[in-house]
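Okay, structure first, notes after.
The chain is numbered in sequence order, starting from 1. Worth knowing before you read on, the calculation uses all heavy atoms, side chains too, and leaves out hydrogens, waters and symmetry mates.
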Amino acid sequence: GRFAENPHFAYLTVDKADLVTVADKNILRRINCETSQKKWNTKTKFDDIFSVHSCSQDWIALGEHASDCGRACLYSFSTGIQSDLVIEHEDRVRGIAFSRDNRLIATTSESGTLKIHELETGEQKWETVSDSHGAFGVDFHPDGDRIAVGCMRGVKIWSISQRKLLAAWNAHSWFVRTVQFSSDGKQLLSGSADKTTALWNLSNLDGVLRYRP
């Protein structure tokens, strides 16, 4: 799951009793739903939390930024303590995703960079420029190898193991801020800032059904 895209407030249900919230621009806290009692409260390093969030079974990932750079930082669900893994970009982080097996984290930036890191070791597995006009939404295919990246006016599909571009499709008139593979990996949904969505058939890495909400 992902947080609602709001730079100043977001929430995620941890279990039936607790929520993790982002408040006051730079405060991350876990609270009890019934009593509003704080379980932990963490002040982030940056002045503002940009509207990019993702989560795994163990971690909350936030896109944080200052005037001169962007970073993706991870915080523990159980304690709120920040991980040693801090992923740096030259520009704002625009997308974060965890692989289905919780081994990898992918981040994209406004400058067009895609980075993939090992969660356990913090080692960078791969870095490439996905699109010179910016890289935005990102999601791992269930097979753990293919990865979709939203770009300006379309979507690109990369192979991590082969480190190459497999497909590139255009169906939008502005940047693609979100992408999501279906659970069986046979389709991909993309959503653009132009208020359109597209459903892609992945059987042969080809084909698109486009519709407007």
* Asked: Around atom CG of D184, are there more than 12 heavy atoms of other residues, nucleotides or ligands at under 6.0 Å?
  -> yes
* Establish, from distance only, whether the side-chain atoms of D143 and H141 form a donor-acceptor pair under 3.5 Å. => yes
* Asked: Checking W59 side chain against S54 main chain: does a donor-acceptor pair fall under 3.5 Å?
  -> no
* To do: Measure from the side-chain N and O atoms of T42 to the backbone N and O of G80, and report whether any donor-acceptor pair falls under 3.5 Å.
  => yes
* Does L114 share a hydrophobic cluster with F175, counting links as ILVMFWY side-chain heavy atoms below 4.5 Å and allowing steps through other members? -> no
* **Nearest non-hydrogen partners of V155 and A148, listed with the distance** => CG1-CB, 4.3 Å
* If Ile, Leu, Val, Met, Phe, Trp and Tyr residues are connected whenever their side-chain heavy atoms lie under 4.5 Å apart, and connections chain through other members, are L165 and W126 in the same group? -> yes
* Asked: So is R100 actually on top of F181's ring, under 6.0 Å and inside 45° of the axis?
  -> no
* **Verify same cluster id: V138, M152 (apolar side-chain graph, 4.5 Å)** => no
* **Closest non-hydrogen atom pair between G154 and V176, with its separation** => O-CG2, 3.1 Å
* Determine whether I81 and I60 fall in the same hydrophobic cluster, where Ile, Leu, Val, Met, Phe, Trp and Tyr are linked whenever their side-chain heavy atoms lie under 4.5 Å apart. => no
* Structure fact -> All heavy atoms of L104 vs all of L119, minimum pair found to be O-CD1, 4.0 Å
* **Carboxylate-amine/guanidinium contact E110 R94, below 4.0 Å** => yes
* Asked: If every non-hydrogen atom of L62 is compared with every non-hydrogen atom of H53, which pair is closest and at what distance?
  -> CD2-ND1, 3.2 Å
* To do: Measure from the side-chain N and O atoms of S192 to the backbone N and O of T196, and report whether any donor-acceptor pair falls under 3.5 Å.
  => no
* State whether the side chain of S56 and the backbone N or O of D58 hold a donor-acceptor pair below 3.5 Å, judged by distance alone. => yes
* Flag, side chain of K115 to backbone of I87, donor-acceptor distance under 3.5 Å -> no
* Under the 3.5 angstrom rule, does the side chain of T108 hit a backbone N or O of F136 as a donor-acceptor pair? -> yes
* Does W169 share a hydrophobic cluster with L166, counting links as ILVMFWY side-chain heavy atoms below 4.5 Å and allowing steps through other members? -> yes
* Asked: Going from CD on Q180 to CD on Q187, what distance comes out if it is rounded to the nearest 0.5 angstrom?
  -> 12.5 Å
* Would you indicate whether R29, at its atom CZ, is surrounded by more than 12 heavy atoms from other residues, nucleotides or ligands within a distance under 6.0 Å? => yes
* Asked: If every non-hydrogen atom of S78 is compared with every non-hydrogen atom of R30, which pair is closest and at what distance?
  -> CA-NH1, 3.7 Å
* To do: Might you point out which heavy atoms bring I157 and L188 nearest each other, and give the distance in Å?
  => CD1-CD2, 4.0 Å
